[in-house]
Amino acid sequence: MESLPTEILERIFSFLPQDYLDSCIQVCDHWADVIENMPKKTMWNPWFGKQVTADAMLTFRNTSGSRFEKADDIAEMRNRISMFPPSERTKNPFKNQTLIINMKNGNDYSALHHVLPSFIEEFGHYVHHLLYYIRDPIPQSKENLNVVFKNMSNLRSVKFYSSEWNDVNDWAKKRIDASSFSTMQHFLELEFLGGVSVKFLETLAEVYGQQIQSLTLGPYPCGGLVEALEKFHNLKHFKAFELCNVEFHTGRFKHLPIRHVSINRVKPFNDNPLVKIDFIGVLQVVTSFCITRTQKLTLLCKLKHRCQDCSCDFDGYPYPESESNLSHSSASVREVTIPLSWVGTHEFWELLLNFWNLEKLILFDMEDKFQNKVVDDYALQILCEPMWFRLSGSLETISIRSRKFNKKFKKNFPTVFICSRPQQ
Amino acid sequence: MALVRVISSDGAAFLVSQRLAKRSGKLKTEIETFRKSSDNSEAQPEIRIVTIRAEILRLVLQWLQQHQNDPVLPANQNEQDGRGDAEMGQSQWDRDFLAPMDLGIVMELILAANHLEVKGLLDITCKLVESKITGRTVDEIRTAFKLKSDFKGNEEEQTRLENRWCVEN
């Protein structure tokens with residue numbers, strides 16, 4: 001294997017799913033070098049919100065790896081299935097697998113459109129997880145969506161992806177109604193990366209408010225979010241990307257059993273005077289949302305959205321919670337993820353001091369912009385910062401995730417740096 | 001029927017039709033070069049493949065024979081996304097063809113297909129190797145491919161540690 005030329009190894013590795021590339025990079029230096037120099041595999045990176053183009057229109061993943069398939073016709077699909085191990089083939093060829101319907105980046109939409117109904121008819125009830133790329137050029141209708149969901153009686157999660165806010169919002173308004181989900185009995189997770197309307201969320205809550213345990217939203221307009229979320233009575237994980245809403249301060253979620261809150265890239269609606277978000281304001285909003293039962297907080301905001309004129313003035317900014325309430329509500333947070341770029345700011349330490357029982361701090365190089373030395377310096381700065389020692393005795397781990405931290409993986413993988421709490 | 005004599009590195013000669021041989025990009029170039037340089041249009045080309053031994057060359061020609069009516073794919077087709085016609089599925093014949101081969105033979109076949117520019121064969125053999133990687137641990141991969149870890153000291157453990165977050169929930 002070592003004697004194979006690089007281009008052959010690249011060809012072999014190109015067939016491998018990303019999960020196994022991660023393993024192969026550990027096999028030997030030669031493999032690691034080859035993989036490092038390969039184009040990155042198709043993947044969705046929720047941390048950065050980037051969608052890498054994918055040609056595979058239908059993707060099946062199983063527990064032992066991924067099989068990327070291009071569906072030209074249903075016969076080809078059956079042929080593919082016949083290659084699965086007999087144990088998987090005879091009972092459930094899609095056991096624990098994900099069906100990705102990529103309507104956005106595929107090259108041959110007509111082929112997919114042709115194959116989909118018959119494929120879903122035959123195999124839909126085996127599909128547990130559905131990823132749906134929304135921006136399709138085919139004139140879709142509610143009937144088309146119902147075709148997609150048809151027979152998916154065992155569907156557990158649906159993820160609608162789009163890089164554009166309007167894609168999801170318009171698409172959801174026009175094409176999703178209660179009947180679209182009517183066959184799903186085990187439906188628990190729903191993601192909209194791109195944005196949805198309040199009305200859609202309310203409609204969804206009416207039908208699946210008792211069922212959905214995990215909800216992820218893309219850009220969300222102001223108004224109505226609290227009311228809509230209140231109807232999801234069993235919501236345990238809530239994530240928001242590109243949030244434009246500051247309603248979280250009200251504390252009205254306290255009756256919800258939310259355990260994990262993830263707020264990614266909060267940014268203001270500049271044209272709304274009530275939502276003049278500044279850096280500290282964002283921290284206040286999010287920390288106040290950390291109700292007593294929340295144990296994990298992921299907060300990825302951009303400093304550049306900091307309002308210049310009110311860094312410490314909250315007049316006109318609707319925060320009913322007092323400082324003591326804020327601290328109290330943050331006491332249950334065990335894990336916080338924030339941007340690496342915050343390190344070195346006063347607000348960074350102010351934030352950390354709010355979390356009395358913090359056990360793990362994850363710093364993420366969101367912009368993928370730091371150099372090796374800079375990341376090193378940040379790590380040292382944390383370790384040397386006197387306030388570090390004022391943190392609660394619970395903080396055990398700092399994890400820095402940056403692509404620039406380790407030479408072997410700098411091109412392909414973010415890396416982690418873990419430093420233990422120094423001996424006092 | 002125009003023929004061409006293809007000679008392996010260990011001296012074995014295979015007489016095949018030029019039509020079949022031209023399904024290999026390398027052999028096609030060699031035949032055309034021979035034609036241009038030869039005064040006798042009836043002369044039979046003779047091509048020496050110094051890097052491929054008889055057993056492997058026979059397998060390549062056997063595969064070409066079976067797929068002689070397939071469309072010829074450009075060598076660079078689908079390279080952008082890294083997936084060739086292997087993704088589109090193998091025939092049962094291909095599976096039977098590859099099944100008895102040990103990994104060493106497959107490796108030689110990959111090199112031969114690459115050298116002779118037989119894209120279809122290259123794809124299915126690479127896919128076969130991929131299938132032997134998928135589902136295995138790092139140690140199992142090393143054992144299967146007779147590879148030794150060349151990470152120094154605790155570099156390997158450090159590598160694992162550094163990538164651990166990738167699989168964290």
Side-chain angles (χ1 to χ4, degrees), chain A residues 1-5 7-32 38-39 41-42 53-56 62-70 72 75-77 79-80 82-83 107 362 399 401 405-406 408-409 413-418, chain B residues 78-84 86-92 95 103-104 106-108 110-111 113-115 119 122-123 125-142 144-152 155-169:
Chain A
M1 195 75 171
E2 281 176 318
S3 62
L4 289 178
E7 66 265 27
I8 299 294
L9 280 175
E10 281 183 359
R11 185 176 285 269
I12 291 168
F13 293 145
S14 74
F15 291 119
L16 278 170
Q18 185 71 41
D19 297 351
Y20 284 97
L21 280 181
D22 294 347
S23 294
C24 285
I25 208 166
Q26 300 172 39
V27 169
C28 63
D29 249 349
H30 181 46
W31 283 30
M38 286 173 60
K41 296 280 285 189
T42 297
T53 58
D55 282 332
N62 60 23
T63 50
S64 60
S66 302
R67 294 174 186 272
F68 291 83
E69 312 293 354
K70 195 170 284 186
D72 280 327
E76 183 58 38
M77 271 298 151
N79 182 37
R80 298 270 89 191
S82 71
M83 295 174 67
N107 295 322
I362 300 171
S399 172
R401 298 175 181 185
F405 196 64
N406 181 281
K408 189 168 286 300
F409 303 102
F413 305 103
T415 58
V416 62
F417 172 72
I418 297 175
Chain B
N78 282 336
E79 284 199 343
Q80 278 190 333
D81 65 359
R83 291 183 287 276
E87 277 288 290
M88 306 302 289
Q90 299 170 12
S91 66
Q92 186 59 46
R95 287 193 282 275
L103 206 51
V106 173
M107 294 298 179
E108 284 191 83
I110 287 175
L111 289 170
N114 188 48
H115 180 72
K119 184 178 179 301
L122 182 61
D123 275 342
T125 45
C126 285
K127 192 79 170 72
L128 179 66
V129 174
E130 176 269 329
S131 70
K132 293 184 184 300
I133 294 174
T134 304
R136 293 190 174 185
T137 65
V138 173
D139 288 336
E140 288 169 345
I141 293 171
R142 285 194 189 122
F145 292 93
K146 298 184 174 64
L147 292 171
K148 289 179 183 173
S149 169
D150 47 11
F151 291 111
K152 298 178 183 70
E155 197 177 9
E156 184 175 350
E157 186 54 38
Q158 184 68 19
T159 299
R160 288 211 174 98
L161 191 68
E162 286 166 350
N163 281 281
R164 191 167 63 185
W165 79 271
C166 293
V167 294
E168 283 176 354
N169 184 8

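Chain A is the first sequence line, chain B the second, and so forth, proteins listed ahead of strands; every chain is numbered from 1. The figures here come from the full heavy-atom set of this structure, side chains too, leaving out hydrogens, waters and symmetry mates.
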Note to self: Nearest 0.5 angstrom please: E10(A) CD to C126(B) SG, how far?
What the structure shows: 11.0 Å
Item checked: Closest contact, heavy atoms only, D123(B) versus R11(A) -> OD1-NH1, 2.6 Å
Item checked: Separation of I110(B) CD1 from I8(A) CD1 (nearest 0.5 Å) -> 6.5 Å
